Amino acid sequence: MKPYDTKVIRPGQSLEEAARLLREGQLVSFPTETVYGLGANALIEDAVRAIFAAKGRPADNPLIVHIWPGYDLDQIVEEIPDSAKKLMEAFWPGPLTMSFRKKDCIPDATTAGLDTVGIRMPDHPVAQSLLRMSGVPVAAPSANSSGRPSPTTAQHVWEDMKGKIPCIVDGGDCKVGLESTFVDMTGPVPMILRPGAITREMLEEVVGRVDVEPSVAKGLAISDEEKPRSPGMKYRHYAPKGQMLLLDGTMEQKAAWIRKALEESDEKTGLLISTELKDMIFPSEPVPEAVHLEELGSHQDPEEMAHRLFGALRRFDEYRCTRIYGEAFSDTGVEMALMNRMRRAAAGQILHLQKGI
Ligand code: AMP
Ligand code: MG
């Protein structure tokens, strides 16, 4: 296929051309508050197929459909349960995707053959204007090449999609920096299939009990036979090229283990850790030459850590780290989302220091 001369629309420039491209079935990458999306008209089968081709995405991994405030959702989904209406009221527009039974106008390619469709209303002025101007629901996964960390700047999209798509809309840095929370609303109890910035605790405050799909707390430990309810969860994702290992234990154990590992190796080593752990490993001395430090921020501010995660994962490749040690986080609040992405980046490799393994 002939490469595209990819056009970048800068902040403040007209979105008219991008909206037209979307309407007509072409691909456009656009900013949202979570990550950059790679959008196509969700109602045109060939347009949707082009997303899978540009990303190298496996065909059994469904896409999320994006709508704007005022869009009549009844056009594309069968039934909206009361609990979903409450969650929309509380969190839309925002980083929450919910799945419903789809209507026939949504082609199978969009949902990878599932009879449910994930819907999100982004809380980003550029995304909302573009969607409204296009006038069509837009299927959009994250705009990275499959397997790479999701893009949180237009530059990240450029690195992965230059020449493969006609247009990128630059809207600056994404505020949240992690993909949306995905909740399946088609069962008796809402079920989190992918954690994000809207936490289980926040959802439960609005609708009572919310379950978490077991695969969320596993790395990649899902075999093909197991068939997770969110097909995307079975793929290796976000992984830097170096060997990544997560360390679980007390802060003291993690600090001591990393100090010793750094002493014993002269490999280019990346660290993906909190400010608190960094201060314990390097209380006064400078960070050694062979170490590339990605300090995510304080445990007091997990939203900021989430915001920095994907950029940090991309930089480990830039600095050619052959080994990466990451700090394991908790499985509550926003740290659940952070830990879910880190487990997958590390392909499930976790060392449990408290058990002395
Ligand atoms: P991405 O936008 O690249 O983060 O991918 C969307 C994620 O949502 C993938 O992990 C999909 O498996 C998941 N997803 C999308 N639609 C559905 C659906 N109808 N049911 C379950 N999971 C879905
Ligand atoms: Mg993705």
Side-chain angles (χ1 to χ4, degrees), residues 27 29-40 42 48 51-52 54-67 73 76-78 84 95-103 106-122 127 137-152 156-157 160-161 174 176-187 190-198 211-216 218 220 222 224 226-239 306 309-310 313-314 337 340-341 343-345:
L27 303 191
S29 175
F30 62 97
T32 78
E33 77 279 23
T34 58
V35 301
Y36 274 75
L38 180 58
V48 169
I51 294 179
F52 288 85
K55 279 180 65 94
R57 184 180 177 99
D60 68 349
N61 194 359
L63 308 178
I64 290 170
V65 173
H66 294 69
I67 58 170
L73 192 51
I76 54 175
V77 309
E78 286 292 347
L96 173 67
T97 301
M98 287 184 275
S99 63
F100 306 98
R101 303 244 163 263
K102 79 173 185 75
K103 282 197 168 148
I106 300 284
D108 280 349
T110 301
T111 62
L114 297 178
D115 59 1
T116 59
V117 59
I119 310 279
R120 184 165 109 74
M121 184 187 286
V138 169
S142 49
N144 50 287
S145 299
S146 200
R148 294 259 290 157
S150 301
T152 55
H156 293 162
V157 180
D160 285 12
M161 292 296 148
C174 300
V176 176
L178 280 190
E179 307 90 340
S180 58
T181 306
F182 193 113
V183 185
D184 178 358
M185 301 302 295
T186 61
M191 163 96 75
I192 296 178
L193 304 186
R194 177 176 73 185
I198 307 285
D211 290 342
V212 181
E213 216 230 354
S215 66
V216 165
K218 289 187 186 175
L220 270 191
I222 302 163
D224 267 349
E226 254 180 287
K227 267 213 180 288
R229 287 180 44 191
S230 176
M233 300 302 278
K234 72 171 185 249
Y235 293 106
R236 179 167 177 271
H237 208 330
Y238 319 120
L309 179 68
F310 288 145
L313 285 170
R314 281 179 181 254
N340 170 261
R341 307 310 191 274
R343 273 198 197 91
R344 296 180 64 200

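Bear in mind the structure is a predicted one, so any value in this text is a computation, not a measurement. Ligands are counted one by one from 1 in listed order, and the atoms in each one are counted from 1 as well.
At a heavy-atom cutoff of 4.0 Å, ligand 1 is contacted by the side chain of Leu114 but not by its backbone. Under 4.0 angstrom from ligand 1, there are no non-hydrogen atoms of Met191. Counting heavy atoms under 4.0 Å from ligand 1, residue Leu193 touches it through the side chain alone. Using a 4.0 Å cut-off between heavy atoms, Leu63 contacts ligand 1 through its backbone alone, with no side-chain atom that close.
In this structure a side-chain-to-backbone donor-acceptor pair under 3.5 Å is present from Thr181 to Ile198. When atom types are taken as modelled, the side chain of Arg57 and the backbone of Gly147 share no donor-acceptor pair closer than 3.5 angstrom.
A 4.5 Å side-chain heavy-atom check between Glu33 and Pro95 finds at least one atom pair inside the cut-off. No side-chain heavy atom of Pro151 sits less than 4.5 Å from a side-chain heavy atom of Phe310.
Residue Lys55 has no N or O atom closer than 3.5 Å to an N or O atom of ligand 1. Residue Ser99 places no N or O, backbone or side chain, under 3.5 Å from any N or O of ligand 1.
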- request: Given side chain to side chain contact (heavy atoms under 4.5 Å, CB included), test Leu96 with Phe182 step by step and report yes or no.
  value: CA-CA 6 Å; Leu96 173 67; Phe182 193 113; over 6 Å; no
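In this structure, Thr111 does not count as a contact residue of ligand 1, since none of its heavy atoms falls inside 4.0 Å of the ligand. Using 4.0 Å as the threshold, Arg57 has a heavy atom nearer than that to some atom of ligand 1.
For atom 1 (P) of ligand 1, the choice among Arg120, Arg194, Glu179 with the nearest heavy atom turns out to be Arg194.
Metal site remark for the Mg ion (ligand 2): Ser146 contributes no N, O or S atom at a distance under 2.8 Å.
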